[in-house]
Amino acid sequence: MNTFSAPKGTYDLLPPQSADFLAVREAISAPLRRAGYGYVETPGFEQVELFARGVGESTDIVTKEMYTLTTRGGDELALRPEGTASVLRAALQGSLHRGALPVKLWYSGSYYRYERPQAGRYRHFSQVGAEALGAEDPALDAELIVLAADAYRTLGLREFTLLLNSLGDRECRPVYRAALQDFLRNLDLDEETRARIEINPLRVLDDKRESVQLQLADAPLIRDHLCEGCKSYHEQVRELLTAAGVEYRDDPRLVRGLDYYTRTTFEFVHGGLGSQSAIGGGGRYDGLAEMIGGPALPSVGWALGVDRTVLALRAEGVELPAGETTEVYAVPLGEEARRSLFSVVTELRRAGVAADFAYGGKGMKNAMKSANRSGARYALVLGERDLAENVVQLKDLESGEQTAVALDSAVGQVLTKLR
RNA sequence: GUGGAUGUAGCUCAGUCGGUAGAGCACCUGGUUGUGGUCCAGGAUGUCGCGGGUUCAAGUCCCGUCAUUCACCCCA
């Protein structure tokens, strides 16, 4: 038995399932690259303060879910719990915001949160994200949402819903916040929730407990408190989405767990994951750059959960196309054959053919079994008899037909057969 | 942090009333001296999560513990 196992809440990605993850990352990122988003990669850890100020001191992410550490030099660091704060920090540090705006960036990586593991919730998880920095334009919000929805569709995902809301801006949100607090303070709630009313009242709307939801029926909604600017901005985003054929559902209660969101807020939810239904989400964060010490830089972005998207695809029974499969499998018999065939395989690979080789000195029978399992269409069999005649046996594994071809024309023959 | 469920072969699981373990799949060997997928024959594999208790006897009953898992909370 293994002495070690992956830490709680983590898992290893192994073949063949790992191919699904690569396919999901590719399907999400390819459209971003085509839409002018450049690749950005930031460290796996940052100063704790960046997340505390960026994500929000009052959020669960910062107060109880970060993996923090103190270096020998005394720096307080945290494994990144999300991507936006890091990417914005990197863009500011690299002065990208001094060039043409918006700056459009995409990224893919691992994130860490210390939470109780559960279906679709891991301590180490994988996201692909996109951020568009430095422009206040409803079309930019719409662009990102359309790119995400289209990526899901391309993967074959069907049963997801896009929830849309506006959280207002620094002008109208405080007014709403106060109105909501007045309402919430009169409800019958537990101590922890009462505390939340004072720190982050909007998040109370997100409570799933029925006893809480029943009391929230008449809660004031942000949409009735939006200022003219926010109202018109949100309306434009909605129109652009509709024009693009992207379906959405207005959800006036949609709140996100990160404090930096303003105006447009959205979440993609899927019913097949158990209780963790969000497969992706994001929104506009016009004040974040200033919160982490930069200039005003209105921005919008999202992150899609790779693990959760894979779970959603499995829940819908979507089969992703398999990745690279072996086309030709080489079976050598004996030392001399091994040397010759190895060169053939190398040449095939250099010519772009997916070729594999029976390593480990297997017997004929075993080697053929491996050839079969590799999924290869053709096998190349080389033994002493063939060497004596300077030929190699080219076998079609589907039909079982086998023909001898000249050893030095083998690569060409295989290429002709395959193409 | 709170609550529920489950831990038996590599995987999925069965195991009756307590009598020291079984199936399917996968794997290996042979049937075939140099030919796979099908078929046939044979084979290997277990700290029954761990520790303790009850008992003549524990995979089975009791207690503890660890792990996994689901839900709350929170979020991707």
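Residue numbers begin at 1 in each chain, while the letters A, B, ... track the order of the sequences.
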Legend entry - N/O donor-acceptor pair, side chain N366(A) with base G36(B), under 3.5 angstrom: no
Legend entry - Distance test, side-chain N/O of Q118(A) to OP1/OP2 of A71(B), below 4.0 Å: yes
Legend entry - Under 5.5 Å and under 30°: Y111(A) stacked on A76(B): no
Legend entry - Y112(A)-H124(A) aromatic ring centre distance below 6.0 Å: yes
Inset, instruction - Would you please confirm or rule out a distance under 4.0 Å between OP1 or OP2 of U35(B) and any side-chain N or O of K369(A)? - result: no
Inset, instruction - Measure up the Y111(A) and F125(A) rings against each other and bin them: parallel (under 30°), tilted (30 to 60°), perpendicular (over 60°). - result: tilted
Legend entry - Side-chain ion pair, R121(A) and E115(A), N-O less than 4.0 Å: yes
Legend entry - Contacts of A179(A) that satisfy side-chain contact (heavy atoms from CB on, under 4.5 Å) - sequence neighbours left out: H225(A)
Inset, instruction - Go through the N and O atoms of the side chain of N372(A) and the base of G36(B), and report whether any donor-acceptor pair is under 3.5 Å. - result: yes
Legend entry - R253(A) side-chain N/O to L216(A) backbone N/O, donor-acceptor pair under 3.5 Å: yes
Inset, instruction - Starting from Watson-Crick (N1-N3 plus N6-O4 or O6-N4) and G-U wobble pairs under 3.5 Å, report the runs of at least three that RNA chain B belongs to. - result: B:1-7 with B:66-72, B:10-13 with B:22-25, B:27-31 with B:39-43, B:49-53 with B:61-65
Legend entry - Under-3.5 Å donor-acceptor pair between R121(A) side chain and C74(B) base: yes
